[in-house]
Amino acid sequence: MILVRGSGGGTDLTGTVFERGEEPPTYKGAPDEDAPYVWVCDSFYQVESGGSALTVDGEEIRVAFEEPMPRGFDTKSAALDAAEEHVRTQFARIGVAPDDVEVEATKADAA
């Protein structure tokens, strides 16, 4: 497992790239289970009311979450590139400039 963490605006978002031989969670519409790399992460967007509170740049906003959409990839680099793009996009959706987001990928410790 590779954890991909984005940080920006005083908040964080972490998703997971599952590698060959690891079993990603299953969701409706999940990619073919034979995909060597599967990226799974929340998607969210800012809402006027409802949702969950999140503090961004010291200001409380409300966000709603979408169902995670796992995506399968043939190569590790393609999965990591998509993961970074996804994380930056989620921050942009809540007003944090993509260039202001630090993204880091780390191998998860085996349990």
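The figures here come from the full heavy-atom set of this structure, side chains too, leaving out hydrogens, waters and symmetry mates. This structure is a prediction, so every number in the text was calculated from the model and none was measured.
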Q) Checking side chain to side chain contact (heavy atoms under 4.5 Å, CB included) against F91, which of V56, V96, D12 comes through? A)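 With F91 as partner, V56, V96, D12 yield a single side chain to side chain contact (heavy atoms under 4.5 Å, CB included), made by V96.
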[X] versus [Y], closest heavy-atom pair with distance:
X   : Y   : result
P98 : A92 : CG-CB, 3.9 Å
P70 : V38 : CB-CG1, 4.0 Å
F44 : Q90 : N-OE1, 2.9 Å
H86 : D42 : NE2-O, 2.9 Å

Q. Would you say E19's side chain and I2's backbone share a donor-acceptor pair under 3.5 angstrom?
A.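 Not at all, since once roles are kept as given, no pair shorter than 3.5 Å links the two residues.
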Transitively linked via ILVMFWY side-chain contacts under 4.5 Å: [X] with [Y]?
X   : Y   : result
L80 : V87 : yes
L13 : V4  : yes
L54 : F65 : yes

Q: Could you list all the side-chain hydrogen bond (donor to acceptor under 3.5 Å, both in side chains) pairs where at least one residue sits in residues 50-66, not counting sequence neighbours?
A: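 Of all non-adjacent pairs touching residues 50-66, those that pass side-chain hydrogen bond (donor to acceptor under 3.5 Å, both in side chains) are E66-R93.
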Q | Enclosure of E22 CD (heavy-atom neighbours >12, cutoff 6.0 Å) | A |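 More than 12 heavy atoms, drawn from other residues, nucleotides or ligands, come within 6.0 Å of this atom.
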Q) Step by step, would you call R5 with T106 a side-chain contact (heavy atoms from CB on, under 4.5 Å)? A) CA-CA 8 Å; R5 178 181 182 169; T106 57; over 6 Å; no
So how far is it from [X] [atom1] to [Y] [atom2], rounded to the nearest 0.5 Å?
X   : Y    : atom1 : atom2 : value
T75 : D81  : OG1   : CG    : 7.5 Å
I94 : I61  : CD1   : CD1   : 4.5 Å
E84 : E104 : CD    : CD    : 11.5 Å

Q | Heavy-atom side-chain contact between F73 and V17 under 4.5 Å | A |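 A side-chain contact is absent here, since even the closest heavy-atom pair is not under 4.5 Å.
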